[in-house]
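Here is the structure we will look at.
Naming: A, B, ... by sequence-line order, numbering from 1 per chain. Just so you know, these numbers come straight off a predicted model, no measurement behind them.
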2 protein chains.
Amino acid sequence: MRSAGAPRFRRRKADRPGEIVAAALAAFAEKGFAAARLEEIAARAGVSKGALYLYFATKQDLFRAVVEQAIAPNMEVVRAMIAAHPGPFSELLRLVPERIATLLETLPVGGVLKMVIGEAGNFPELARVWHDRLVAHALGALCDAVAAAQARGEVKAGDPRTYALQLVSPLLISVIWRETFEPVGAAAFDVQAVARQHMQTMLSGMLTQEAPP
Amino acid sequence: MRSAGAPRFRRRKADRPGEIVAAALAAFAEKGFAAARLEEIAARAGVSKGALYLYFATKQDLFRAVVEQAIAPNMEVVRAMIAAHPGPFSELLRLVPERIATLLETLPVGGVLKMVIGEAGNFPELARVWHDRLVAHALGALCDAVAAAQARGEVKAGDPRTYALQLVSPLLISVIWRETFEPVGAAAFDVQAVARQHMQTMLSGMLTQEAPP
DNA sequence: CAGGTAACTGACCGGTCAGTCAGTAATACG
DNA sequence: CGTATTACTGACTGACCGGTCAGTTACCTG
């Protein structure tokens, strides 16, 4: 006995997985793995809890899918970054950080980062996926760029992997800061501004001679 | 009917809270708030679960106490850092990072950091305590030192708060890296080495003139 | 417009765990 | 030594939540 024309649900097998993963990403990023409720994820995705299990075997499986999805677009970014700048190191440093900063502000990297850090202890294989498929690639690429610049005599001696770490750390901490302390009333860091100043500092700290203007 | 001289437990009201908090710190740092079991914390502290409730009203209360305790020794570190180096900025930068690195390796800062980042969304008031009582002080002190050095003409123009962020970020990321990716087989960063190289880079990046040897 | 298929629902189950409390035993004290 | 006090124990409870499944309903096909 239901009013005509308003079906209780629609059958949309193709779209469900994506919608569910998107809802799960939001929930996990907000609350972390353990505290996120499947019931709530289902509600956000506009389905019942049971429907989740038509597409994902377990909560961990869903988490895995979320991490995978959160990786894919970022990987593309990394690849693009490498491909675009074979030129002199000073030029790379001038362009890349701002681009990264923009992406960190656009994609929900902060939430995912928080999640990976927070749950790494309990779900090591997810930390492994995140590391092997994304972090290692990105760091490796940056590392190679630094090493190449050193070989060309542009950059001072020093461990290239550590240089890579130095380059990205303030941006990552800015994002973590935003997720952790801003909701609590702490003053924000403007990721763009941090990127600019850090680039400036690192340029004059790493280069063997003053960069051309 | 129990063998003589071996009491089932001792009454040690004074020592219990400290022991329980220490056990809880270890458990929370290892597993995070939600995944840590009160039963296990009690066992580590050598008491039954019921005993926890003689000293702490709820699990959250215990978490609060852990955060508070984890703050205290670090606060002392911050104060010492400020007090010890009114001298020229280059000298401060030469000594402080290595000292910080040592402390990051000694105290269980990594676990606590992970915990605060991971649970900030679910327990905002704890992030607030951590920020107001520790992070803000530390960052503020470093910020003041930078600003003073700028006033003396030692350090280039730029936002001092951002400079402070740049200075500490790689060390923090190193520690987070250790907690997150090393257990999964990722290559480690030697925090000491990172501290040395970063100090070097930042020195020549921030100072208005080459530092005296 | 049947009849069949499978996407979807939602009440339910079993396990887990924070929190309780009646009882027990260690100590303080007279 | 006896007795009062209270730190402490551990079996228990109630709520919650991941996961299940019998039933329901949208949609497809002839």
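Following rounding to the nearest Å, B:Lys31 (NZ) and C:dT16 (P) show an atom-to-atom distance of 14 Å. D:dT20 atom P lies 15 Å from atom CZ of A:Phe56, rounded to whole Å. Remark: C1' of D:dC8 and CZ of B:Arg16 are 8 Å apart, rounded to the nearest angstrom. D:dT6 atom P lies 9 Å from atom NZ of B:Lys13, rounded to whole Å. C:dT20 atom C1' lies 13 Å from atom CG of B:Leu52, rounded to whole Å. Spacing between atom CG of B:Asp15 and atom P of C:dA26 amounts to 18 Å, rounded to whole angstrom units.
Closest contact between the side chain of B:Tyr55 and the listed nucleotides D:dA7, D:dT9, D:dC27 involves D:dA7. Considering only side-chain atoms of B:Arg8, the nucleotide from C:dG10, D:dG19, C:dA25 that sits closest is C:dA25. When distances run from any side-chain atom of A:Leu54 to the nucleotides C:dC8, D:dA7, C:dG19, the shortest one goes to C:dC8. Set against D:dA7, D:dG18, C:dC8, the side chain of A:Lys59 has D:dG18 as its closest nucleotide.
Counting non-hydrogen atoms of neighbouring residues, nucleotides and ligands closer than 6.0 angstrom, the CD atom of A:Gln200 reaches no more than 12 such neighbours.
Side chains of B:Ser48 and B:Glu39: a donor-acceptor N/O pair is absent below 3.5 angstrom, by distance only.
Side-chain N/O atoms of A:Arg12 include none lying less than 4.0 angstrom from OP1 or OP2 on C:dC8. The phosphate of D:dG18 has OP1 or OP2 within less than 4.0 Å of a side-chain N or O from A:Arg37.
The base of C:dA26 lies close enough to the side chain of B:Arg11 for a donor and an acceptor atom to sit less than 3.5 Å apart.
Within the cation-pi definition used here (under 6.0 Å to the ring centroid, within 45° of the axis), A:Arg178 does not qualify as a partner of A:Phe189.
The residue A:Ala36 sits close only to the backbone: its heavy atoms come under 4.0 Å of sugar-phosphate atoms, none of a base.
Using cut-offs of 30° and 60° on the angle between ring planes, the pair A:His131 and B:Phe181 is tilted.
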